[in-house]
Amino acid sequence: MKERIKQLKNEIEELLNNSKTLKDIEDIRIKYLGKKSEFNKILKSLKDLTQDEKKEIGPFANEAKKSVYAKIENKKHTIELNFDAETEWIDVTAPGKKIKKGSLNPLTLVQRDIEDIFTSMGFEIADGPEIETEFFNFDGANMPPNHSARDMQDTFWIKEGCNDGMGDGQVLRTHTTNCQLRYMQSHKPPFRIIAPGRVFRQEATDASHEHTFHQFEALVVGKNVSVANFLSVAKSFFSSFFGKEMSVRVRPSYFPFVEPGFEFDISCTNCSGDGCSTCQNTGWLEIGGAGMVHQNVLVSGGYERDKYTGFAWGFGLERLAMMKYKIDDIRLFHSGDIRFGRQF
Ligand code: PHE
């Protein structure tokens, strides 16, 4: 009897191996395991065996039955999934594939940092167009046509203006100072804003110059806003941004939209002022332009002359990112070089 069970089991297994459809399997099940099947008869006849035979054959027969049913289920699965468990198994213990994540451009990171710091100081974030009228970029900022200061910023002109002081030409904005007037014309002082954004200059590129770069403008206008306010906001911002106590200093300079105007330096991020190769032993790093907003600009913004005062600055985002992440070539930001991008 044992022999016969073995034979039947082998026969079923062979048939299962060769079966291709669920119907084949069902046929095998009915034929070999159904009510009228030989296998079933054998199982039923077990009760008539002697005690010793039962002990020997019973577990064997049950084992065979279990194994055959398991194989049937397995084969059904294989057919249903169109999946061959023998060859197409998955090693769930194998180490996973590393997922390639994108990363943010360091300029985005720096811009987010700046926005966080300034909003925590009560500043609003303002915006302006990259394609700008000559008025908002130049005339309104106290730079009328033929003003020599226009030569300070080599400009991409989109449309020549009439040169009549009405500012109807069009340019790619050369600075975020265009946002000053746009904001003033729709808001009343007191206010404090920053305006980060992309600007353009028609310049040959090298490791520290790009034709397309970013600035962020700061503008605070109210009654009795002073240079001391500017120094204190700047010191707080740079100390937060670099995560250590920073010093700031101003040097006299000229920008038509501010009076007085200054260049603005911070203590060297590398040596904190002792002198090193980064700051050419001066202890200071140049950051950008700033000053007290010219009354002509406040008037173009729609305010009464001499009623308000304000300070403004315009700094390059690239310059801050280069300092923070020790990047030595400005052209890397827009290079699209994945080896650069992956580092952030
Ligand atoms: N707009 C100036 C520039 O791009 C920077 C600046 C902004 C200077 C505000 C003073 C005040 O060069």
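Position 1 is the first residue of the sequence, and the numbers go up from there. Note that this is a predicted model, so its numbers are computed, not measured. As the structure lists them, so they are numbered: ligands from 1, and atoms in each ligand from 1.
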May I ask you to check whether over 12 heavy atoms, not counting those of [X], lie within 6.0 Å of atom [atom1]?
| X | atom1 | result |
| --- | --- | --- |
| Q280 | CD | no |
| L104 | CG | yes |
| Q343 | CD | yes |

Problem set entry | For S247 against K235, the heavy-atom pair lying closest together | CA-NZ, 4.5 Å

For this session: May I have the step-by-step check of ring-ring contact (aromatic ring centres under 6.0 Å, His included) for Y183 and F191, ending in yes or no?
Result: CA-CA 10 Å; Y183 191 86; F191 60 75; 4.9 Å; yes

Write out each pair where an N or O from ligand 1 and one from the protein are under 3.5 Å apart, with the distance.
unit_1	atom_1	unit_2	atom_2	d
ligand 1	1 (N)	H175	ND1	3.0
ligand 1	1 (N)	T177	OG1	2.9
ligand 1	4 (O)	R201	NH2	2.9
ligand 1	4 (O)	Q215	NE2	2.8

Exercise. Going by heavy atoms in the side chains, are E13 and K9 under 4.5 Å from each other?
Worked result: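 E13 vs K9: side chains touch.
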
